[in-house]
Amino acid sequence: MVRTPCTVLILGLLGCMAVGAAAAPLYFVSPGEAEGQVVVKATDSEAPQVRTLIALQQARAIGWSPDGRYFSFVQLDPVDDPNGARRLFAYYCVEAKALNISPRGQDVAGYWWAENSSGIAYLVHIGAEDSNTYDVYCHDLIPGSQASKLNGSIPSAGAASVFSADGRYLAFPVADPTHSGQVAVADRTTGEAWIATGSLHVRGHQWSLSGAKLALQTADEEAGIQTLHVADAAKRTITRVSGDNESVEGFSWRPGSTDMAYLIAATGRIGDGVEGQEPVRFKRVLVKLANTDTGENRRVSNVYNASQFVWSADGGYYAVSDMAVDPLSGAAQPSIKVGSFSGQMATPQLVANSSGSAIFAWSPDSKSLAFIMGQYLYRYDVADRKTSVVVDSLTVRDLTWSPDGRHLAVLTPYAEGGIVVWNVDVFGGTGRIISHAFRGAGMVDWSPQGDSLLLYMPRGADTGMLNLLNPTGTPDDVVLVADDATTATWYPVND
């Protein structure tokens with residue numbers, strides 16, 4: 001279960017995955033013995049002996065770089081500072097080296113990592129601390145680098161800033177009381193910044209997973225709809241993607257391309273032609289696929305009321321949860337369908353019908369879709385377009401693929417709100433319980449080699465319990481690593 005590895009001033013369980021041969025280090029943070037102290041510790045999947053890397057006093061905003069190499073934090077300047085400035089630091093876990101990110105005198109209000117871990121951007125208040133107006137700086141993680149200002153003369157509003165996938169561009173909200181909802185883009189290579197949204201009122205934005213295109217979900221208040229535009233950072237142009245009367249519910253970039261899917265609200269009718277009865281209208285959610293390079297888009301013809309939409313890792317296929325409604329009876333039929341952006345599966349194939357909601361996830365190699373319908377765990381193989389039962393009589397709360405795409409870590413509910421973890425052989429059709437019953441809502445994360453599972457169980461607002469599970473073992477093999485961890489990450493062995 002891979003999680004986004006950095007946010008501004010947020011504590012959480014963070015995960016990064018890769019494939020390698022040696023035992024994978026696990027880094028985590030726990031409170032220290034002294035008041036206000038936190039300690040960065042490490043263990044590994046092969047011989048889980050905990051060792052201390054560094055102890056920090058009054059550290060805040062703890063996070064990890066997306067590649068798992070760096071631990072970052074904000075701390076009051078250790079040198080006597082009459083202004084009490086908060087400085088940003090990073091700790092290189094591999095070489096046990098601390099790095100000064102922000103210079104002395106700058107009071108850091110928040111930060112976030114570039115998606116490729118090439119640098120950290122951070123916020124510094126302009127004027128009063130409660131003004132919500134900031135300058136944006138970036139520190140490149142190369143020897144001799146110093147922080148440089150990114151936003152030019154455009155003040156930042158702080159939250160919802162995000163790097164492009166290659167780390168070159170940074171999109172940030174503009175602090176302008178006369179025109180809310182503007183987004184600016186800064187270029188790390190040239191130092192230029194510009195407002196990328198014109199007169200649009202932006203409610204959400206996200207970079208493409210390839211290239212330098214920024215999706216903008218905007219509000220058309222006169223028409224009462226939400227629209228979708230795409231800004232091209234390289235060309236500094238804006239193109240409307242959604243149609244004139246389409247109200248956009250959400251969107252999703254296709255991995256490895258600048259294609260996208262977006263969901264639009266529509267209205268359905270049931271009861272047409274029934275004597276003495278007025279037709280009943282109901283909301284529908286349709287799916288459209290768009291090529292943002294050519295401007296072409298098309299509706300997915302046989303999806304009628306979408307809820308979940310998930311691309312495979314390589315972008316070759318997508319899975320969508322649909323809810324078709326019988327036009328006469330009004331009965332709803334939930335289903336899962338699999339399709340592709342173009343080609344033979346441009347019209348998605350029905351994979352399964354269900355009497356309830358579905359849980360599904362793509363394998364890392366994009367060849368199979370695992371999903372739960374009722375108490376059955378299924379596998380759909382794209383190559384032969386066949387669905388197979390993996391195991392039955394298994395109530396599932398969540399499922400996570402192993403890195404090699406052959407096993408699933410499955411969380412099943414237990415008495416009194418607890419969970420038990422299973423390891424299921426997706427192709428062998430067998431499963432084994434690998435944990436004792438834990439009370440609460442847990443999260444699991446495979447080690448990069450798949451030889452261990454990290455189970456995180458929240459124990460309060462900021463801390464949780466870390467356990468290492470042996471995928472081929474028994475509940476007696478569970479190792480308690482920490483019962484008070486605030487954040488953790490596996491370190492990818494191979495880049």
Side-chain angles (χ1 to χ4, degrees), residues 6-9 61 63 65-67 69-70 72 74 85-90 99-127 131-176 179 181-200 202 205-216 229-239 258:
C6 191
T7 55
V8 179
L9 300 184
S65 62
D67 66 4
R69 295 172 184 265
Y70 295 91
S72 48
V74 172
R86 295 161 293 189
R87 293 188 66 189
L88 176 60
F89 300 88
L99 304 173
N100 296 331
I101 302 300
S102 63
R104 183 164 290 123
Q106 287 186 340
D107 190 23
V108 175
Y111 72 91
W112 57 98
W113 284 90
E115 293 298 318
N116 60 358
S117 302
S118 62
I120 310 179
Y122 61 91
L123 301 173
V124 176
H125 273 110
I126 302 173
S131 65
N132 291 325
T133 304
Y134 307 86
D135 278 332
V136 184
Y137 291 81
C138 186
H139 191 290
D140 297 330
L141 292 183
I142 56 177
S145 176
Q146 295 183 342
S148 59
K149 186 178 174 182
L150 276 186
N151 59 307
S153 60
I154 304 173
S156 168
S161 301
V162 61
F163 280 101
S164 59
D166 62 3
R168 175 174 176 174
Y169 298 102
L170 175 73
F172 61 92
V174 178
D176 184 350
H179 186 174
Q182 295 183 96
V183 175
V185 171
D187 187 338
R188 285 173 67 188
T189 62
T190 65
E192 297 177 285
W194 65 95
I195 295 177
T197 52
S199 60
L200 298 174
V202 178
H205 59 278
Q206 185 183 66
W207 288 101
S208 57
L209 303 179
S210 177
K213 293 193 173 184
L214 184 68
L216 306 166
H229 292 72
V230 168
D232 189 318
K235 298 179 180 179
R236 300 196 184 184
T237 58
I238 301 177
T239 304
T258 52

Novice: Could you tell me whether the side chain of Ile195 reaches within less than 4.5 Å of the side chain of Ile154, counting heavy atoms only?
Specialist: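 The answer is yes, as the side chains (C-beta and beyond) meet within the 4.5 Å cut-off.
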Novice: Any side-chain to backbone donor/acceptor pair from Tyr111 onto Ala61? Under 3.5 Å, distance only.
Specialist: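 Such a contact is found between Tyr111 side chain and Ala61 backbone.
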Novice: Pick from Val162, Val174, Leu214: which one makes a side chain to side chain contact (heavy atoms under 4.5 Å, CB included) with Val183?
Specialist: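 By the side chain to side chain contact (heavy atoms under 4.5 Å, CB included) criterion, Val183 pairs with just one of Val162, Val174, Leu214: Leu214.
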Novice: By side chain to side chain contact (heavy atoms under 4.5 Å, CB included), which residues pair with Leu141, not counting sequence neighbours?
Specialist: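 Per chain and number, Leu141 pairs via side chain to side chain contact (heavy atoms under 4.5 Å, CB included) with Tyr70, Leu99, Ile101, Trp113, His139.
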Novice: Show me the pairs that pass side chain to side chain donor-acceptor pair (under 3.5 Å) and involve residues 162-172, at least two apart or across chains.
Specialist: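 Listed by first then second residue: Ser164-Asp166, Arg168-Asp187, Arg168-Thr189.
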Novice: So does Ser65 get a backbone contact from the side chain of Ser117, meaning a donor-acceptor N/O pair under 3.5 Å?
Specialist: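 Such a contact is absent between Ser117 side chain and Ser65 backbone.
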Novice: Side chains of Ser161 and Tyr134, heavy atoms from C-beta outward: is any pair under 4.5 Å?
Specialist: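 Side chain of Ser161 against side chain of Tyr134, heavy atoms only: no contact under 4.5 Å found.
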Novice: Is the backbone of Asn100 close enough, under 3.5 Å, to the side chain of Arg87 for a donor and an acceptor to pair up by distance?
Specialist: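 Not a single qualifying donor-acceptor pair exists.
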Novice: Measure across Lys213 and Asp232 and return the closest heavy-atom pair with its distance rounded to 0.1 Å.
Specialist: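 In terms of heavy atoms, the two residues are closest at CE-OD2, 3.6 Å.
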Novice: Over all heavy atoms of both residues, which pair between Ala147 and Pro103 is shortest? Give the atoms and the distance, please.
Specialist: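 Result for this residue pair: CB-CD, 4.4 Å.
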Novice: Grab the two heavy atoms, one from Ser118 and one from Arg188, that are nearest each other, plus how far apart they are.
Specialist: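 Closest heavy-atom pair between Ser118 and Arg188: OG-NH1, 3.0 Å.
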Novice: Rounded to the nearest 0.5 Å, how far apart are CG of Asn132 and CD1 of Ile126?
Specialist: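 Atom-to-atom, Asn132:CG and Ile126:CD1 are 11.5 Å apart.
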Novice: If every non-hydrogen atom of Ala196 is compared with every non-hydrogen atom of Ala231, which pair is closest and at what distance?
Specialist: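 Looking at all heavy atoms of both residues, the shortest contact is O-CB, 4.2 Å.
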Novice: Mind listing the closest non-hydrogen atom pair of Gly198 and Ile238 along with its distance?
Specialist: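 Shortest heavy-atom separation between Gly198 and Ile238 comes out as N-CD1, 4.1 Å.
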Novice: With a 4.5 Å limit on heavy-atom distance, are the side chains of Leu123 and Trp112 in contact?
Specialist: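 Yes, their side chains come closer than 4.5 Å.
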Novice: Counting distance only, does the side-chain N/O of Asp140 pair as donor-acceptor with the main-chain N or O of Ser145 below 3.5 Å?
Specialist: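 Looks like no, no N/O pair under 3.5 Å.
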Novice: What are the two closest heavy atoms between Thr258 and Ser210, and how far apart are they?
Specialist: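 Shortest heavy-atom contact: CG2-O, 3.4 Å.
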Novice: Got a sec, which residues hit side-chain hydrogen bond (donor to acceptor under 3.5 Å, both in side chains) with Gln106, two or more places apart in sequence or on another chain?
Specialist: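 Applying side-chain hydrogen bond (donor to acceptor under 3.5 Å, both in side chains) to Gln106 gives Tyr122.
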Novice: What's the separation between atom OG in Ser102 and atom CZ in Arg86, rounded to the nearest 0.5 Å?
Specialist: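 One gets 10.5 Å once the value is rounded to the nearest 0.5 Å.
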Novice: Distance from Leu216 atom CG to Gln182 atom CD, nearest 0.5 Å?
Specialist: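 With rounding to 0.5 Å, CG (Leu216) is 12.0 Å from CD (Gln182).
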Novice: Got a donor-acceptor contact below 3.5 angstrom from the Thr133 side chain to the Pro155 backbone?
Specialist: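 No, because the side chain of Thr133 does not come within donor-acceptor range (under 3.5 Å) of the backbone of Pro155.
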